[in-house]
Amino acid sequence: AVAFVRKVAFERIETVKELTDVSNLSILGGIPYTENVGDEIIVDKMPKSQITESFRTIRTNLSFYGDTDKAKIILVSSFLPSEGKTFCSTNLSKILANSDKKVLLIDFDLHKPKVHKTFKLSNDIGISSFISASAEIDRIIHKMDSKLSVITCGPIPPNPSELVLRNKVDELIEYGRANYDYVIVDTPPFGLLNDALSLIKFADVFVVVMNTKFARKRGVEL
């Protein structure tokens, strides 16, 4: 009786199994909730934790997607804000780099960028600077170590959704594909803004981050 009431009355998705039951999409994995984590690079801070192991599982599952002879462009987004997409994109980038892969992380959230805060980087120049032709690619790349590089958003432009449509975006993605094993692109929530959907044409894999605080069975089915 309790199980029946729970199934009927509660729409929230709380486990990977529940998500699998209501969706035909490929599920890369689940990341356990950890208090007081914030936007830290948890895979370096807590390398033996369950959450880090879950990122290793996702890394393994990602290896089965896309063309293995070319760099993989992985677009990371969520339907709503605050679902953890930047936390996932930054930690996924680092866990891939830790496996001896060259990784480029691009903060393409030109509305509310956060990647520079996670890595404690200057955001004086970045994506917006390159697209507006005020900076070349080599000036906007931050090399975190021998394997991981980061491109921040740069100054927030007055027309962010229009910038993602410019030809300079093609040039940037092709640069990443030619020089790295993986390119992780952090984008704004596609439930509110069209930016991620405009960039999806470049992606080999589109990763949607869902948070159990917001995920509902009816919404996933739709």
Side-chain angles (χ1 to χ4, degrees), residues 12-16 19 25-62 65 72-99 101 103-123 126-127 142 144-145 147-154 156 182-193 195-196 199-200 203 205-216 219-220:
R12 203 170 82 179
I13 297 174
E14 297 183 340
T15 66
V16 172
L19 178 59
L25 297 175
S26 300
I27 312 300
L28 288 173
I31 299 170
Y33 173 75
T34 304
E35 291 186 0
N36 302 319
V37 168
D39 294 319
E40 296 177 285
I41 307 299
I42 202 72
V43 298
D44 277 351
K45 185 178 179 180
M46 301 169 62
K48 296 182 179 180
S49 67
Q50 184 180 357
I51 192 169
T52 299
E53 194 58 39
S54 68
F55 275 108
R56 292 191 181 104
T57 299
I58 292 172
R59 177 182 65 192
T60 300
N61 290 337
L62 276 173
Y65 292 86
K72 294 182 182 179
I73 312 298
I74 302 175
L75 206 70
V76 181
S77 190
S78 59
F79 187 74
L80 296 172
S82 303
E83 294 204 66
K85 66 175 181 61
T86 300
F87 174 77
C88 290
S89 63
T90 52
N91 279 276
L92 179 60
S93 298
K94 195 64 176 76
I95 203 77
L96 285 167
N98 289 350
S99 65
K101 300 294 184 182
V103 181
L104 176 63
L105 170 61
I106 303 176
D107 189 352
F108 241 114
D109 190 340
L110 303 180
H111 300 264
K112 293 184 178 180
K114 294 173 64 179
V115 169
H116 67 284
K117 296 178 181 178
T118 300
F119 288 97
K120 297 178 175 57
L121 297 170
S122 167
N123 197 36
I127 293 291
H142 299 267
M144 309 308 300
D145 53 45
K147 295 298 180 181
L148 177 62
S149 297
V150 176
I151 298 179
T152 63
C153 162
I156 298 176
Y182 288 92
V183 179
I184 311 296
V185 184
D186 186 75
T187 65
F190 62 87
L192 301 178
L193 299 162
D195 298 34
L199 293 167
I200 200 172
V205 184
F206 183 26
V207 176
V208 179
V209 176
M210 300 181 65
N211 192 309
T212 56
K213 290 182 179 180
F214 309 107
R216 296 293 185 271
V220 173

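Everything quoted here is computed from the prediction, not taken from an experiment. Note that these values count all heavy atoms, side chains included, but never hydrogens, waters or copies made by symmetry.
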Problem set entry | His111 and Asp195: CA distance, side-chain angles, deciding distance, side-chain contact (heavy atoms from CB on, under 4.5 Å) verdict | CA-CA 10 Å; His111 300 264; Asp195 298 34; 3.1 Å; yes

For this session: Find out whether Thr152 and Pro113 are in side-chain contact, i.e. whether some heavy atom of one side chain is under 4.5 Å from a heavy atom of the other.
Result: no

For this session: Enter the distance from Cys88:SG to Ile95:CD1 here, rounded to the nearest 0.5 Å.
Result: 12.5 Å

For this session: To the nearest 0.5 Å, tell me how far Arg59 CZ sits from Lys94 NZ.
Result: 11.0 Å

For this session: Calculate, to the nearest 0.5 Å, the distance between atoms CG and OG1 belonging to Leu75 and Thr187 respectively.
Result: 4.5 Å

Problem set entry | Any Met210 side-chain heavy atom under 4.5 Å of Ile27 side chain | no

Problem set entry | Student check: side-chain heavy atoms of Glu53 and Gln50 closer than 4.5 Å | no

Exercise. To the nearest 0.5 Å, what is the distance between CG (Leu62) and CZ (Phe55)?
Worked result: 11.0 Å

Seminar exercise, completed: What one should report as the nearest heavy-atom pair of Asn211 and Ser82 is ND2-O, 3.9 Å

Exercise. Hey, is the main chain of Pro188 close enough, under 3.5 Å, to the side chain of Ser77 for a donor-acceptor pair?
Worked result: yes

For this session: Using modelled atom types only, decide if a donor and an acceptor are shared between the side chain of Ser78 and the backbone of Val208 within a distance under 3.5 Å.
Result: no

Exercise. With a 4.5 Å limit on heavy-atom distance, are the side chains of Met144 and Phe119 in contact?
Worked result: yes

For this session: Flag the pair Asn91 / Ile51 as yes when at least one side-chain heavy-atom distance between them is below 4.5 Å, and no otherwise.
Result: no

Exercise. Could you give the distance from CD1 (Ile106) to CD1 (Ile73), rounded to the nearest 0.5 Å?
Worked result: 7.5 Å

Exercise. Taking the side chain as C-beta and beyond, is there a heavy-atom pair between Leu80 and Pro189 under 4.5 Å?
Worked result: no

For this session: Could you tell me which residues satisfy salt bridge (charged side-chain N to carboxylate O under 4.0 Å, His left out) with Asp107, sequence neighbours excluded, listed by chain and number?
Result: none

Problem set entry | salt bridge (Lys or Arg N to Asp or Glu O under 4.0 Å): pairs with one or both residues in residues 112-123, sequence neighbours excluded | Asp39-Lys114

Problem set entry | Whether Asp186 side chain and Phe108 backbone form a donor-acceptor pair below 3.5 Å | no

For this session: Return the minimal non-hydrogen interatomic distance between Val209 and Glu83, and the atom names on each side.
Result: CG1-O, 3.5 Å

Seminar exercise, completed: Sequence neighbours excluded, the answer for side chain to side chain donor-acceptor pair (under 3.5 Å) partners of Lys101 is none

For this session: Examine distances only and state if a side-chain atom of Thr52 and a backbone atom of Lys48 form a donor-acceptor pair shorter than 3.5 Å.
Result: no

Exercise. Does some side-chain heavy atom of Leu92 sit less than 4.5 Å from a side-chain heavy atom of Ile58?
Worked result: yes

For this session: Could you tell me the separation between the CZ atom of Phe87 and the CD1 atom of Ile42, rounded to the nearest 0.5 Å?
Result: 5.5 Å

